[in-house]
Amino acid sequence: MSFNTFGREFRFTTWGESHGPALGATVDGVPPGVPLDEAFIQGFLDRRRPGTSKHTTQRREADQVRILSGVFEGRTTGTPVQLMIENTDQRSKDYGDIATSFRPGHADLTYHLKYGLRDYRGGGRSSARETAARVAAGGVAQAVLAHLLPQLRITGYMVQMGALHLDRSRFDPAAIAGNPFFLPDATAAGEWSDYLDRIRKDQNSVGAAIEVLIQGCPPGLGAPVYAKLDTDLAAAMMSINAVKGVEIGEGMAAAGLTGTDNADEIRMGNDGPRFLSNHAGGILGGISSGQDIVVRFSVKPTSSITTPRQSIRQNGEEIDLITKGRHDPCVGIRAVPVAEAMAACVILDHLLMDRAQTGGVRGVIG
Ligand SMILES: Cc1cc2nc3c(=O)[nH]c(=O)nc-3n(C[C@H](O)[C@H](O)[C@H](O)COP(=O)(O)O)c2cc1C
């Protein structure tokens, strides 16, 4: 299988399968001299870790990261940073049924059709276990960003879970860390919990929408025309398992607006242009404008459910398939830290590309 590498100047290659001995990421293009240790990366992994609430898979992985190279005396050396996470809680016998059958909505069928064989245990390489490696790589990106762009803030949160929507009038970023849904509204968390309990008891799963807010990004990041910042952010989010749609700013809703509604009018502020709205989501012509960057994506419902679904076996036999094993009832929850990691990798990649091409040249206003 090829194409396991993401990024240009800052790039990482992930390796490993769900039920192999370990997985990890090789991160290249890391500037030298950046303070980095395992504890810093661990903080990000702990937010993605399974089994931290009744609303995520009960697979109990410690997700302890080890840095095998690229760091000396607490600072990056500029050489590849090799990250490894051991798999410690596999139950491969849970997956015996899918060795010869295909879960509707999962990647079993297409992996078989393309490669002719697959590691079916836990979904092998198609498992979102791979996202642990991305979150570790994202931790390296966050360390570099903290060094080079200390004003940058990347915040992911859920805005929808099935029939429930975030009430934006109650948006409170301080609430995100205080509930299992990364929900910026503490008062709604109980209702979300009851709703997901009902879904799980019904042997079902549910989709979600996540928003990532990038604040403090300077103007000028993004390389038109084939490495637009929005192109790369969309590709980054779409590369996450189960993501089916990505929007920037107004996104699909822009189709219903007029030019007068959608224009982000400009006035002169104290230190440069000041926008009166942000329909564009912080990106114009593929280049960051200095406004908040707003990315939203949808995640489909978990395909592995214990309600029988029609499918087929490898030998062509038609069956009703129940998928056992330990699965997330709403994969959107743990997608939040994964999306933040991918956003960090894209912003850093573009920061380094911009430094390489323009060396910081900027137009002057006023
Ligand atoms: C954080 C996260 C956790 C996931 N956990 C599960 C899971 O427990 N069971 C499952 O069937 N799919 C899970 N998925 C989704 C599958 O990995 C994904 O649907 C599958 O690889 C097929 O790819 P596709 O949905 O992108 O087409 C998860 C996705 C994410 C982002």
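The shown structure was predicted, so the numbers you read here are calculated from the model rather than taken from an experiment. Note that ligands are numbered from 1 as they come in the structure, with each ligand's atoms numbered from 1 the same way.
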> Who are the ring pair (Phe, Tyr, Trp, His ring centres under 6.0 Å) partners of Phe275, not counting sequence neighbours?
Replying inline: none
>> I'd like the name of whichever of Ile210, Val331, Thr110 reaches closest to atom 14 (N) of ligand 1 through any heavy atom.
In response: Val331
> With respect to atom 31 (C) of ligand 1, which of Asp108, Asn241, Ile333 exhibits the smallest heavy-atom separation?
Replying inline: Asn241
>> Counting non-hydrogen protein atoms only, what is the nearest one to atom 19 (O) of ligand 1? Give residue, atom name and distance.
In response: Lys300 CE, 3.6 Å
>> Just to confirm my output: which protein heavy-atom neighbour is closest to atom 21 (O) of ligand 1, and how far is it?
In response: Ser126 O, 2.8 Å
> Taking only residues two or more places apart in sequence or in another chain, which ones pass side-chain hydrogen bond (donor to acceptor under 3.5 Å, both in side chains) with Ser53?
Replying inline: none
> Have Asp328 and Thr56 got a donor and an acceptor in their side chains that come within less than 3.5 Å?
Replying inline: no
> For Gly156, does its backbone N or O pair with a side-chain atom of Glu340 as donor and acceptor, under 3.5 Å?
Replying inline: yes
Going by the atom numbers of ligand 1, which of them fall below 4.0 Å from some non-hydrogen atom of [X]?
X: Thr302; answer: 7 (C), 9 (N), 10 (C), 11 (O), 12 (N)
X: Asp328; answer: 3 (C), 4 (C), 5 (N), 7 (C), 8 (O)
X: Arg334; answer: 1 (C), 3 (C)

> Any idea which heavy atoms bring Ser69 and Pro80 closest together, and the distance?
Replying inline: OG-O, 2.8 Å
> Using 30° and 60° as the class limits, which term best fits the ring planes of Phe181 and His55: parallel, tilted or perpendicular?
Replying inline: tilted
